[in-house]
Structures are given as C-alpha cells and as structure tokens.
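Everything on this sheet refers to the single structure shown next.
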Amino acid sequence: MPELPEVETVVRGLNNLIVGKKFRRASFDNQKSFPNAPKDVEQFLIGAKVTHVRRRAKVILIELDTSYTLMAHLKMTGQFVYVGTDERFGAGHPNDSLIGQLPDKSTRVQFEFNDGTHLYFNDQRKFGWVRLIPTPEIPNIDFMKKVGPEPLDANFTAVNFRERFQRRPRSNIKAALLDQTVIAGIGNIYADESLWGAKIHPQRLVSSLSDHEFDDLYREVRAVLTLSIEKGGSSNRNYVNASGQKGKYMDFAKVFRREGLPCPRCGTTIEKIRVAGRGTHYCPHDQVL
DNA sequence: CACTTGACCTGTCCGC
DNA sequence: TGCGGACAGGTCAAGT
C-alpha cells in the first residue's frame, strides 16, 4: 500500500475535500471491501456528516457527527478519490480529468454526498476495506491495541525507537521495520530507503545493531518519511491522492526499484534480494552484513 | 513467546 | 500473441 506518507497525503486531501459533507448514498460491488454493507449503512452512515479525517499507522479514520467512524485500510492497491464540482473544486483542478472516469472496474465502494459529489474507494486487489465502527470501540480493535508508536510524533525519541526493537531481537532489521507492532507506518519502500540512508544491511540482526546505528536509523526513518510527505508520497504503481494525483517521491528514491543502477553515494550497482518475503533493494558496498 | 511462511486478489511483465 | 510463473506499496492466520 500506501505506507505512512501516502496515507497521510490522502488524509490531508480528504480533510480539505469532504469535511462538512453529509452522506446521501453508498453502494458496493464486493462484500469484503465493505463488510457493513448494506445492512448497517442506512442506519449508521446515511445522513451522517464528516467532522474530521485522521490517520493512525496506515489506517484512515473518517470521523462522523454520530457515534460511528468510517475506518479504512488501503492495503496494497487501495485508493480514496473524491470527485466533485462544488466550490472547493473549481474548474482547472487536476482532478477534473477524473470526472466521468470513475467509477471504473476497480471501484469497490461508491459514496455520494448530499451535494451530489462522490467519494470512490478503488482497490484493484481487493485486500483493502472500509468499515463502520462505533467510535468508542476503535481503541479496542486488535490492530489499534498492538500497533507501535507514530515515528513522526514530536515526543518520539531515538531512545524510544531503539527500545521498541528489543521486541524482535532475533529477526533481521528489515522484518522488524515492517512489523507494525514495533513502529507504525513503515512499509517496503521506506524500509529500504531508511536502511540505505543509515548504511545498514537489511539482513543485519536487530541484536547486532549498535546504539549509534539505531540513532542513524531513527534519523533516516524520520527524514525519509518527512521528505515523502512533502513530495505527496510514492506512486510506484497504483497510488494516487484524494484528488487522483500521483506522488513524486519515487523521483527522489535512492534504492527502491533502482536495482542495476549506481548507488547515488558510492556508484556501486544497487542489488535486489529477498528479505522477509519482500523484494529488497540495497547497496552492497555501503550496507554490509 | 519470537519468528517465518503462505494466503488473500487482480494485473502486469518477462521468458519461452 | 499465447502461456506459465514471478512479482506487486500489507496484514493475518497458521506453522515451526
């Protein structure tokens, strides 16, 4: 999916585009994508107004002015795209090009607001979902209880970071970075990019890393995520923001999907291997076991 | 418990 | 252009 920067970008877009709007209709093409539908939709969604949109890890939380929240996970190929023609969405907006193009065959759930505008949940691979949850129950959901701290929180320190990894002492560092119960929000792209920045081989054992290396990794994780948010995330394949636009971080990637190309730091050819079941890109000169 | 692997889906790309 | 297989931004359940 979309990792932390992509989800953050979608959430910021939705906050600009759908806050204050009331749901008028919802339809779905696939039960898995919206397990509540159609049963709970009439009762808990129709007529509800969006008050705020937020993010926790890679989960999107669309808060309503009722006791329910519309929760969503984009997994690998999910998208939330708003298509409207109202005052917040004037002529010339890049999203204009999507009017009439959606829904398409990847559209799993269609929402219509009172003003006639639409929010589409698209998901080619159907791993993602949207769910209506009573707001007070959200903290009790298994994932929410187990998920680790937000790496960009102002009070999340290098010491906090290092201590979280004690949970996975015998795994390799890449698997630990991907483990959402250790740190929230990192996925395959930013794991590789951060490890390159910190000059740490993805297969190094967590227990073998020095405090100094953890400090470097902490800084790199935060720098990479921050830069990517600034660039609107990575559009490796499917990802688009809430206005249907691609992110630009891939233009700044140092190793991800750059196997066979020279390392921007030392010129050595970047290699791709398999670690933790995922394609993994690294510089064999700068990142050694 | 810590850790790894396969399953969930659809689409695309690459080698024959 | 067809076919088979590997692979794709994530998470779970089930296995060791």
Side-chain angles (χ1 to χ4, degrees), chain A residues 1-11 28-35 55-60 71-80 104-109 121-131 141-148 164-195 202-208 221 224-225 227-229 231-241 246-253 255-260 272-281:
Chain A
M1 135 172 196
E3 308 178 29
L4 186 155
E6 291 75 35
V7 178
E8 178 65 24
T9 303
V10 169
V11 164
F28 68 108
D29 89 330
N30 176 42
Q31 191 70 58
K32 259 191 59 180
S33 302
F34 195 7
R55 175 188 66 76
R56 175 72 172 103
K58 301 172 191 171
V59 172
I60 296 169
M71 186 176 174
H73 201 305
L74 305 179
K75 292 289 179 84
M76 300 285 260
T77 55
Q79 307 173 332
F80 257 127
D104 65 17
K105 65 177 169 178
S106 77
T107 302
R108 306 302 169 203
V109 187
F121 179 73
N122 304 325
D123 185 15
Q124 178 186 103
R125 293 174 73 179
K126 301 183 186 174
F127 291 169
W129 43 260
V130 298
R131 273 171 73 195
I141 292 171
D142 241 27
F143 179 88
M144 290 300 188
K145 283 195 290 196
K146 291 189 301 190
V147 71
R164 296 296 297 178
F165 285 90
Q166 313 294 356
R167 306 162 65 98
R168 302 281 309 260
R170 292 163 200 297
S171 78
N172 60 59
I173 186 63
K174 169 134 184 190
L177 277 169
L178 294 174
D179 184 343
Q180 301 297 295
T181 70
V182 176
I183 304 291
I186 300 165
N188 207 34
I189 299 175
Y190 304 111
D192 285 4
E193 293 291 296
S194 304
L195 288 168
Q203 288 174 314
R204 287 277 304 283
L205 242 43
V206 166
S207 56
S208 81
V221 163
V224 160
L225 295 176
L227 174 64
S228 183
I229 291 171
K231 302 300 174 192
S234 299
S235 289
N236 183 23
R237 297 190 134 80
N238 299 270
Y239 169 75
V240 293
N241 68 17
K246 291 170 183 284
K248 296 180 167 49
Y249 179 84
M250 287 303 283
D251 296 341
F252 299 83
V255 286
F256 191 79
R257 293 243 300 177
R258 294 180 54 81
E259 64 272 25
K272 182 176 181 184
I273 56 174
R274 194 149 274 271
V275 181
R278 314 296 301 275
T280 298
H281 316 74

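In what follows, every chain begins at residue 1, and chains take the letters A, B, ... in the order their sequences are listed.
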Inset, instruction - Show your reasoning for whether salt bridge (charged side-chain N to carboxylate O under 4.0 Å, His left out) applies to A:Asp192 and A:Lys174. - result: CA-CA 8 Å; A:Asp192 285 4; A:Lys174 169 134 184 190; 2.6 Å; yes
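- Taking A:Val240 as the reference, A:Gln79, A:Val81, A:Lys246 meet the side chain to side chain contact (heavy atoms under 4.5 Å, CB included) condition, with sequence neighbours excluded.
- Between A:Phe127 and A:His73 the shortest side-chain heavy-atom distance does not fall below 4.5 Å.
- The distance between atom CD of A:Glu259 and atom P of B:dC14, rounded to the nearest whole Å, is 11 Å.
- Counting heavy atoms from C-beta outward, A:Gln180 and A:Lys58 have side chains that approach closer than 4.5 Å.
- Of the options A:Asp123, A:Ile60, A:Val130, A:Asn122, a side chain to side chain contact (heavy atoms under 4.5 Å, CB included) to A:Leu74 is made by A:Ile60 and by none of the others.
- When side chains are defined from C-beta on, A:Met71 counts as touching A:Ile141, because their heavy atoms get closer than 4.5 Å.
- If A:Thr280 and A:Trp129 are placed on DNA chain C by their nearest nucleotide, the residue sitting closer to the 5' end is A:Thr280.
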Inset, instruction - Would you write the dot-bracket representation of DNA chain C, where each base gets (, ), [, ], | or . depending on whether it forms a Watson-Crick or G-U pair under 3.5 Å and with which partner? - result: .|||||||.|||||||
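- Per the geometry, CG belonging to A:Asp192 stands 10 Å off P belonging to C:dA8, to the nearest Å.
- A:Lys272 places its NZ atom 12 Å from the P atom of B:dC14, with the value rounded to the nearest Å.
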For nucleotides 7-10 of chain B, give me every protein contact, N/O to N/O, under 3.5 Å, one pair per line with atom names.
residue	atom	partner	partner atom	Å
B:dC9	O2	A:Arg125	NE	2.9
B:dC9	N3	A:Arg125	NH2	3.3
B:dT10	OP1	A:Lys126	NZ	2.8
B:dT10	O4'	A:Gln124	O	3.4

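- In this structure, A:Leu4 and A:Arg55 have side chains that are in contact, with non-hydrogen atoms separated by less than 4.5 Å.
- In this structure, A:Asn188 reaches the sugar-phosphate backbone alone: every heavy-atom distance under 4.0 Å involves primed, P, OP1 or OP2 atoms, never a base.
- Contacts of A:Arg274 with the nucleic acid, taken as non-hydrogen atoms under 4.0 Å apart, involve only primed sugar atoms and P, OP1 or OP2.
- For A:Met71 and C:dT11, the CE to C1' distance is 12 Å, given to the nearest whole Å.
- Rounded to whole Å, the distance from CZ on A:Arg237 to P on C:dC7 is 12 Å.
- Spacing between C:dT11 and B:dT12 at atom C1', rounded to whole Å, works out to 23 Å.
- Electrostatic pairing of A:Asp251 and A:Lys231 does not count as a salt bridge here, judged by no charged N lying under 4.0 Å from a carboxylate O.
- Between A:Met144 and A:Val59 the shortest side-chain heavy-atom distance falls below 4.5 Å.
- For A:Tyr190, the side-chain hydrogen bond (donor to acceptor under 3.5 Å, both in side chains) partners at least two apart in sequence or on another chain are A:Glu6, A:Ser228, A:Ser234.
- Using a 4.0 Å cut-off, no side-chain N or O of A:His73 falls inside it from OP1 or OP2 of C:dG10.
- We find that CD1 of A:Ile273 is positioned 17 Å from C1' of C:dA6, with the value rounded to whole Å.
- At a threshold of 4.0 angstrom between heavy atoms, the contacts of A:Ser106 with the nucleic acid are absent.
- Using a 4.0 Å heavy-atom criterion, one finds that A:Tyr190 contacts no nucleic acid atom at all.
- Distance CZ (A:Arg278) to C1' (C:dA8): 8 Å, rounded to an integer number of Å.
- Proximity of A:Lys146 to the phosphate of C:dT11: no side-chain N or O atom is located under 4.0 Å from OP1 or OP2.
- Checked against side-chain hydrogen bond (donor to acceptor under 3.5 Å, both in side chains), A:Arg56 has the following partners two or more places apart in sequence or in another chain: A:Glu150.
- Using a 4.0 Å heavy-atom cutoff across all strands shown, A:Gly279 reaches sugar-phosphate atoms only and no base atom.
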At a cut-off of 3.5 Å, list every protein nitrogen or oxygen paired with a nitrogen or oxygen from nucleotides 2-5 of chain B, distance to 0.1 Å.
residue	atom	partner	partner atom	Å
B:dC3	OP1	A:Pro169	N	3.3
B:dC3	OP1	A:Arg170	N	2.2
B:dC3	OP1	A:Ser171	N	3.2
B:dC3	OP2	A:Arg167	O	3.2
B:dC3	OP2	A:Arg168	NE	3.3

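- Nearest heavy-atom pair across A:Lys272 and A:Gly279 is CE-CA, 3.9 Å.
- Atom CG in A:Asn122 sits roughly 13 Å away from atom P in B:dG11 (whole-Å rounding).
- Here A:Gln180 does not reach the OP1 or OP2 of C:dG10: none of its side-chain N or O atoms lies under 4.0 Å away.
- Taking the six-membered ring where tryptophan is involved, the planes of A:Phe28 and A:Phe34 are perpendicular, since the angle between them exceeds 60° and thus also 30°.
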